[in-house]
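What follows is one structure encoded as structure tokens, with my remarks underneath.
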Amino acid sequence: MIPLVVVALVSLAVLAFEVLLIRLLAITQWHHLAFMVISIALLGFGASGTFLALTQRVLVRRFHAALAINAAALGICVIASFALAQRVPFNALAILWDPRQYLYLLVLCLLFTVPFFFGANCIALAFLRYGAQIGRVYAANLLGSGIGALCVVGALFVLTPPEVLRVIAGVAVAAAALACLDVPTARWRLAAVGLALLAVAWPLGAPEVWTALRVSEFKGLSQALTVPGARIIGNYGSPLGDLAVVESPQVPFRHAPGLSLAAVGEPPPQLGVFTDADGFTAITAFDGRLPPLAYLDFTTSALPYHLLDRPEVLVLGAGGGGDVLQALYHEAARVDAVELDPLMVQLVREVHGDFAGGLYDLPGVRVHVGEARGFVARADRQWDLIQIPLLDSFAAAAAGVHGLSESFVYTVEAMQRYLRRLRPGGYLAITRWLKLPPRDSLKLFATALDALAQEDVADPAARLALVRSWNTTTLLVKNGAIAPADIEIMRAFASERSFDLAFYPGMPASEANRTNVLDAPYFHAGATALAGAGRADFVARYKFDIRPATDDRPYFFDFFRWRTQFELLGSPTVGVASLLEWSYPILVATLVQVLALSVVLILLPLALRQRGDAHPDRWRIAAFFVAIGIAFLFVEIAFIQRFVLFLHNPLFAVAVVIAGFLVFAGLGSACAPAFAARLEQARVSALEIAVGAIGLIALTYLAVLPPLFDAFIALSQPVKVALSLLCIAPLGFWMGMPFPLVLADVKARAPDLVPWAWAVSGCASVLSVVLATLLAMQFGFVAVVSLAIVAYALAALLMRAPLHHGLKRGELP
Amino acid sequence: MFRGIQRRRHRRGRGGLLRAVVAVVALILAGAAAASAAEDPFAERRAALTRSIERLAAAVYPVAGRAAMMPQVLAALEETPRHEFVPPKLVSLAYANRPLPIGFGQTISQPFIVAFMTDLREPEPVDIVLEVGTGSGYQAAVLAPLVRRLCTIEIVEPLGRSATARLARLGYDNVEVRIGDGYNGWEACGPFDSIVVTAAAGHVPPPLVRQLKPGGRMIIPVGGSFAPQQLVLVEKRADGQVSTRQLMLVRFVPLRRSGR
């Protein structure tokens, strides 16, 4: 019993560390980097299998010592590897210029591999030791991981990321102490006491500087703090992000992105709020007087206010409140503002409420904590204007670092739902940074055309307008045809502010590209082509991927096209760096590295073993664990996305859904031995039934979930969580079975191959995550799930014939 | 080339003579550089860098009505000891055509970008120019020999102090460095024939537009410090009207030729 608890605790620590690492790297570096580093680090699982394949005889004999040492090493290394990693002078931004950065990146990956290696050793050792109860060990592993996912999210609400790191270290060392208690002798008791002391001393005693976050000096927060007088006046954290409030009294922030060159006024004093040391929003001083806000009329997002009279406005993404102020300046009759992060709302409403002039509590202003899609789905009213402001930083947008992130805000389905919440004559306004050549703005334009077509609008292009400044674009979608009077207002608005109109129905080419002059009228030509009959041809010929994002393929920020990138790399000029889209190449680079390392890790033990004792079924076993590793995570990742869309809170939903999957899979795994025993004489095996069930349920869900979600979207959050878990339960339950069923078989007939199977499955899981993202970006989640079902079927086929009994050396057949 | 000259004549109407004078000065400077090559261990690398920038320029130009990079800009680049402007441990990389970190989250720009922005200013020996964001002072050092007076503002105090000392030590005596906020420009030094400013707050400070002379130009690099995405060129016409051009740093056509 005790070793099972140890396995659960170690699994908890490992999963918590993995999730925490995403947060830590997102703060000190950038999010897309975290994906790569963690993917490669998770190969520690593969390395563990390889290591144990070579050392199992020795280690299983000293099981308790090995378990305790590995658990303690995990605890030591979560802090040590992070402390060392912070000393690696890696600068992601210089990677194109400086080949040494690749070396630093490799060092980072290797450092984080170490804790995963030790953690995985503990779990695999238990598999080796408790052959008959592999189902229960696997169940403990999955349950622990599931709880870890929930715990780390919960912990991040009350502790800072470095503090959580220390707690994880403590839990792992405590697991080591517990492992010692399993042996009832005085010496082991003493060891347990020693480790228990270490479990407290190490997290509390490790020097502060080891875990203090060293934020890249090129991130916005670091740069803001180099300004004389600038200082952090508050730090607030939750799993949604770390917020740092910065005051800069000597040199004001003057945050007004996209401000017209014709503007005269300077923004009022502001406090800067940095999310994860980068994403910037400002809280603007407000004393109830509107004239100081005049600058807000000089941005492209102000255009809809000139087309509407005292509109009721919905702002999706309130941030520090700039867009609420813009609405107030233009005498909006009512403002609803939605903000995902409750801390951000608290900052504007309470902590700096006086500074912000009680903005969020003014009559007519209502602030809602929630996610944009979810709010719109549940809303029971309509607005004259829905604003989706700029939320990401320009630098992040330009470098394409969000390419790997799903966003359900900018999909075709999302836009349809926004449009349904518009009153007749109302506008949807979406502002993006201007990139050259155009990417976001044209993709949005195409998205709007699709959304309108899906809503059975006869002439979608008649409802669209696009305006641009020298660094922002705003797309307007009207609920109704844009009238000549509207166009007159747009023209006047643009000309007074040195903006350019890039599209309105019937816009002549001569009117485009006049004030902010580009080499060619890219925006007007692009929008016109998209609105016309030659759309498919234009999209195919465009050198960036501007196909609209959908809920099935929600990668709005991914513009990558292979041939363009090759063409750019062949080009002799330096501006190339600005056009390279990073996300996809990073994903591919990760895949290649994971694949190469996996092959090494899987082949190494075979190469080092003597030739005589090779098990005849080893390749069949390997193929099975590759298939099952890939299939499990394909299904998990794809359905997590589905449920995230339903639950509308990326963080909470992910935690619940992941925990749900793991816990129910743990239950399935625990039931696997009994289930197999009952079917001993039957014509179908337990594995085949499990695989059949997974396929059936997954296929059913692909068809049933979208309409089901639409029907239940308005229910309250707890009910929706319960409903989600209910849906996940049968799928997870059956998905928990194949792995322990076959591993138990391997344990019985080819015991030496258990760690090797663990290595194969570890590598396949990592590969699967990277591959799933890659495939989802290209083909969508339905394709990913379909492939998973194929992989499951393949796995079942591979195990149709029973495994041979392995031969001991010298034994006769 | 021709279009460039014509435009410049239109601007001030006295381009030819000045150009000739500047070209002669540049030639003399280049000659002096060659003479001192023996004692300057970096001279050869600097010459190689200048040649590579010339080649890059040939691939990017014509740009914004300019046919080619001005020879005096290239000469100035070849004259400027970039190794004096990079941190000591990066000296070996000083003449690589790449940006380098100089601390405080700042970089010394890529030499090509420096040359490009200097050229876009269309510097003339009578010009008074402003730079917001001194950094290491390299950009100022390249530009200073081509203009009459250069005022430069740095917000990060340690950077500003070391740039001041460095520029003084190297004898750039038409450069004035001020440590402080660049948003309001430098009224006493202006009005300016050209300004370079990084758009830190996501917009162009209106006071800078006001301090630009009619006919003057402002250049704004947009994007990350290691990989600027575009240059925005603000032109103030004689009548005070302002227009911008947006220049990509790569010759890139966003559409493939249509099939067939």
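In what follows, every chain begins at residue 1, and chains take the letters A, B, ... in the order their sequences are listed.
Counting heavy-atom pairs closer than 4.5 Å to chain A, the top residue among B/Gly103, B/Ala57, B/Pro101 is B/Gly103.
Every ring-ring contact (aromatic ring centres under 6.0 Å, His included) that A/Phe499 has, sequence neighbours left out, goes to A/Phe493. Partners of A/Glu266 by salt bridge (charged side-chain N to carboxylate O under 4.0 Å, His left out), not counting sequence neighbours, listed by chain and number: A/Arg254.
In this structure, chain B has no heavy atom under 4.5 Å from any part of A/Ser222. Neither the backbone nor the side chain of B/Val63 has a heavy atom closer than 4.5 Å to any heavy atom of chain A. For chain B, the nearby parts of A/Tyr542 are the backbone and the side chain; heavy atoms of each come within less than 4.5 Å. Of the two parts of B/Val156, the backbone and the side chain both hold a non-hydrogen atom closer than 4.5 Å to a non-hydrogen atom of chain A. At a 4.5 Å heavy-atom cutoff, the contact between A/Asn91 and chain B is made by side-chain atoms alone. Only the side chain of B/Leu93 comes within contact range of chain A, with at least one heavy atom under 4.5 Å from a heavy atom of that chain. Residue A/Pro438: no heavy atom, backbone or side chain, is found under 4.5 Å from chain B.
Side-chain atoms of A/Asp519 and B/Gln246, non-hydrogen and from C-beta on, never get closer than 4.5 Å to each other. The shortest distance between side-chain heavy atoms of A/Val251 and B/Ile155 falls below 4.5 Å. Counting heavy atoms from C-beta on, the side chains of A/Trp470 and B/Val222 come closer than 4.5 Å.
Formation of a donor-acceptor pair under 3.5 Å by the B/His203 side chain with backbone atoms of A/Ala256 is found in this model. Put simply, the side chain of A/Gln223 gets close to the backbone of B/Gly105: a donor and an acceptor are under 3.5 Å apart. Of the possible polar contacts, none joining the B/Glu157 side chain to the A/Pro228 backbone as a donor-acceptor pair under 3.5 Å is found.
Distance check: B/Leu247 CG to A/Leu518 CG gives 9.5 Å after rounding to the nearest 0.5 Å. Expressed to the nearest 0.5 Å, how far CD of B/Gln241 lies from CG of A/Leu261 amounts to 11.5 Å. In this structure, CG on A/Leu436 lies 4.5 Å from CD on B/Gln230, to the nearest 0.5 angstrom.
Closest non-hydrogen pair, B/Asp181 versus A/Pro252, comes out as OD2-CD, 4.3 Å.
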Practice task
Given side-chain contact (heavy atoms from CB on, under 4.5 Å), test B/Thr244 with A/Thr515 step by step and report yes or no.
Solution key: CA-CA 6 Å; B/Thr244 70; A/Thr515 314; 5.9 Å; no
